[in-house]
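What follows is a set of notes on a single structure, which appears directly below.
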There are 2 protein chains.
Amino acid sequence: MTKESIRVLIVEDHHVVRQGLVALLNVVDGLEVVGEAADGAEAITQFRKHLPDITLIDLRLPRMSGVEVIQRIRMETPNARLIVLTTYDGDEDIYRALQAGARAYLLKGMTSDELISTIRAVHAGKSHIPPAIAEKLAERMGTESLTPREFDVLEQIVNGKSNKEIGTELEISEATVKTHINSLLGKLGVTDRTQAATAAIQRGIVPLESLRKTKP
Amino acid sequence: MTKESIRVLIVEDHHVVRQGLVALLNVVDGLEVVGEAADGAEAITQFRKHLPDITLIDLRLPRMSGVEVIQRIRMETPNARLIVLTTYDGDEDIYRALQAGARAYLLKGMTSDELISTIRAVHAGKSHIPPAIAEKLAERMGTESLTPREFDVLEQIVNGKSNKEIGTELEISEATVKTHINSLLGKLGVTDRTQAATAAIQRGIVPLESLRKTKP
DNA sequence: CCTGGGCTCCATCAATGGGTGGAGATGGGC
DNA sequence: GCCCATCTCCACCCATTGATGGAGCCCAGG
């Protein structure tokens, strides 16, 4: 019985991790790694070229975020089956990736069994979200989301700016800054800017990587 | 010419990454992976058992930190050759790992060439620290380090506590809390608690993982 | 059209935070 | 023994922050 292999594309910038995935998957019967990509642009090229059955995609990629890649792929191939890979279970990432159309979510700490069974499940058309993650997702669903402006302000807070500085930066008055802060504190369920900052980092609302960039 | 292989132990909790490392190293002539460990305790057991020439060790491990493992191994085998692996170039981690006796430092985003040449270099007795990291290390060297108490206070700040709450928690007066904050702000080179919090996370002084734990 | 959400601004007030300049107690290292 | 770093506390002061309760503007969707 020569059943068709499930054709997998791997999108992951870390060379070691990519190798690990290839090594794990290629020894499995019925799976075949047809392509690898190390960044978003390459991911889209490879996707078009191979039209894989399953795409494993890291959320943190250089230049283009994983979420963006997912959106673009889904735009041209709405029934693409995408599985998100990530190191941390940053709540916001999960939310956005699943919103963008990912069918499943895996942490890099997973076992090979989890990896393989998830690939099979998603290929069979199921959505496969681990209970622990589903739970968090449910929590997050109930949470109001920040408006674009609130997000701008939060970003500045994380970067250690004072209200006055934020006002200057965003070209609004300090009073307006306070208004935004007041509502975002409520939405995040915290009571001051320091808690807002750590919550933002912890939940992945503001990525840690953006810190260094915006400093100078 | 049958020269001896360099015998390598891999300490890494993420299964996929571990597989990747094994896959990368085992195809290289002159390298041999003699053991794998997924946590600190296992690392020490495996080290004693195999006495490898080189130990690749992830800094973030469950239960016991990589730095701790390094210290313990160095305690019993002072000339052990340890290479630290990590995802982020969190300044504080580098500092502590190298202090603890690691000979080199590699990011998981490295190429296989970097990995292999670093292993060879360290085996040959060299210390091998990438220029970019050496630079940061030099910066950090000049930085005064926090006293234990200042660290306690910083931890509380990251967890979003007010000065009063910190005082209660640590059983000191609010005035003392302010004193500690004042000196730690100076040492971190920041001007307020929010900056202190993000700097602490960013530099790896207070690990992100500790946030969830201390909340409830 | 008109309703609602988001953005902007205002004033005011109490609480919190941070700067300054002390000062006593302890304990390890020279 | 003496010094130095650390930890502890105090008082005073001003800046910043967050809470409250408005208010007008714009624009997209019903």
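Numbers restart at 1 for each chain; the letters A, B, ... are given by sequence-line order, proteins then strands.
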Next item on the list: Starting at the 5' end of nucleotides 17-30 of chain D, put B wherever the base has a protein heavy atom under 4.0 Å, S where only the sugar-phosphate does, and a dash everywhere else.
Entry: BBBB----------

Next item on the list: Give the minimum heavy-atom separation between A:D53 and A:H123, together with the two atoms involved.
Entry: CB-CD2, 3.6 Å

Check: What are the two closest non-hydrogen atoms of A:T194 and B:I157, and how far apart are they?
Finding: CG2-O, 3.5 Å

Checklist line | Salt bridge flag under 4.0 Å for residues B:R18 and B:D58 | finding: no

Notebook entry, point to check: Any Lys/Arg nitrogen of B:E68 or B:R72 sitting under 4.0 Å from an Asp/Glu carboxylate oxygen of the other?
Noted result: yes

Item checked: Residue mapping more 5' on DNA chain D - nearest nucleotide basis, B:E150 or B:A175 -> B:E150

Notebook entry, point to check: How would you label the contact of B:T176 with the nucleic acid (heavy atoms, under 4.0 Å): base, sugar-phosphate, or nothing?
Noted result: base

Item checked: Rounded distance (Å) that lies between atom P of D:dA15 and atom CD of A:E165 -> 16 Å

Checklist line | Rounded distance (Å) that lies between atom C1' of D:dA5 and atom NE2 of B:H180 | finding: 13 Å

Margin query: Using a 4.0 Å cut-off to any heavy atom of chain B, which nucleotides of DNA chain C are the first and last in contact, reading 5' to 3'?
Written below: C:dT16 to C:dT20

Next item on the list: Verify the neighbour count for atom CD of B:E76: are there more than 12 heavy atoms of other residues, nucleotides or ligands below 6.0 Å?
Entry: yes

Item checked: Minimum-distance nucleotide (side-chain atoms of B:T147 versus D:dC9, D:dT6, D:dT8) -> D:dT6

Item checked: Close side-chain approach of B:T77 to B:N79, heavy-atom, < 4.5 Å -> yes

Notebook entry, point to check: Mind checking whether B:R149 and B:L170 have side chains closer than 4.5 Å, heavy atoms only?
Noted result: yes

Checklist line | Under 3.5 Å side-chain donor-acceptor pair for B:S173 and B:T176 | finding: yes

